[in-house]
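These numbers come from a predicted model, not from an experiment. These values consider heavy atoms only, across backbone and side chains, with no hydrogens, waters or symmetry-generated copies.
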Amino acid sequence: MSDAQESTGFEYGHDGPKSIVVGIDGSDSSWRAAAYAAGLARRQRSLLVLVYVQPIATASWGQAGISLVETGQQIADELLDYVRTSAARFKDFQHVRWEFRTAQGDPYNGLIAVAEQLRTDAVVVGASENAGHRIAGSVAVRLVKAGRWPVTVVP
């Protein structure tokens with residue numbers, strides 16, 4: 001066993017991934033990422049963790065902040081309903097162990113928090129559909145640069 005394994009008691013990628021985190025937000029690219037990750041999880045017998053990151057409302061937002069929190073929860077509920085419906089419709093997905101989680105904050109930090117908490121082995125995200133991310137950097141690029149897990153970016 002290497003020194004790194006002894007100090008953490010954990011090894012990434014041991015005998016295939018134990019868990020795969022996929023970020024979903026309702027966009028077409030996030031659903032393609034979820035489908036890809038579900039296939040990986042099925043083949044590898046891994047836990048698929050679907051994560052929706054809700055934006056954080058600050059006190060300075062006032063009533064808009066309350067509305068944003070309610071909208072974030074409504075979106076999370078709708079995403080979970082869609083996943084459940086899809087799981088029931090597709091025979092192969094019924095053999096996938098999965099769970100749905102929400103986090104709060106920006107997508108990058110939210111995905112990192114869940115992945116670290118679960119000590120996940122891989123992260124899958126959809127390619128950004130926002131043109132502004134070419135300048136500021138997308139969540140996918142930031143996750144790849146973090147270098148903590150293998151990251152798959154699905155177009």
Looking only at heavy atoms, what is the nearest atom pair of [X] and [Y], with distance?
X    : Y    : result
V124 : A33  : CG1-O, 3.6 Å
S30  : G23  : CB-O, 3.7 Å
V153 : G126 : CG1-C, 4.3 Å
T102 : A76  : CG2-CB, 3.7 Å
A37  : V22  : CB-CB, 3.9 Å
A115 : V21  : CA-CG2, 4.2 Å

(request) List for me each residue that meets side chain to side chain contact (heavy atoms under 4.5 Å, CB included) alongside A38, sequence neighbours excluded, and say none if there are none. (result) L48, F93

(request) Would you please name every residue forming a ring pair (Phe, Tyr, Trp, His ring centres under 6.0 Å) with F100, sequence neighbours left out? (result) none

First locate atom [atom1] of [X], then atom [atom2] of [Y], and finally report the distance between them rounded to the nearest 0.5 Å.
X    : Y    : atom1 : atom2 : result
I112 : T120 : CD1   : OG1   : 12.5 Å
T85  : L80  : OG1   : CG    : 9.0 Å
L50  : Y82  : CG    : OH    : 12.0 Å
R148 : E116 : CZ    : CD    : 4.5 Å
L47  : W98  : CG    : CH2   : 11.0 Å
T152 : L40  : OG1   : CG    : 6.5 Å

(message) I'd like to know if the side chain of R32 reaches the main chain of P155, judged simply by a donor and an acceptor atom lying under 3.5 Å from each other, with no hydrogens or angles considered.
(response) yes

(message) Can you list everything that forms a salt bridge (Lys or Arg N to Asp or Glu O under 4.0 Å) with D77? Sequence neighbours excluded, please.
(response) none

(request) Evaluate the side-chain contact (heavy atoms from CB on, under 4.5 Å) criterion for residues W31 and V83: first the C-alpha distance (whole Å), next the side-chain angles of each, then the deciding distance (0.1 Å), finally the verdict. (result) CA-CA 10 Å; W31 289 127; V83 170; 3.9 Å; yes

(message) Determine whether Q117 and V49 satisfy the following criterion, side-chain contact (heavy atoms from CB on, under 4.5 Å), listing intermediate values before the conclusion.
(response) CA-CA 12 Å; Q117 179 186 29; V49 183; over 6 Å; no

(message) So D121 and Q44, do their side chains get closer than 4.5 Å, heavy atoms only?
(response) no

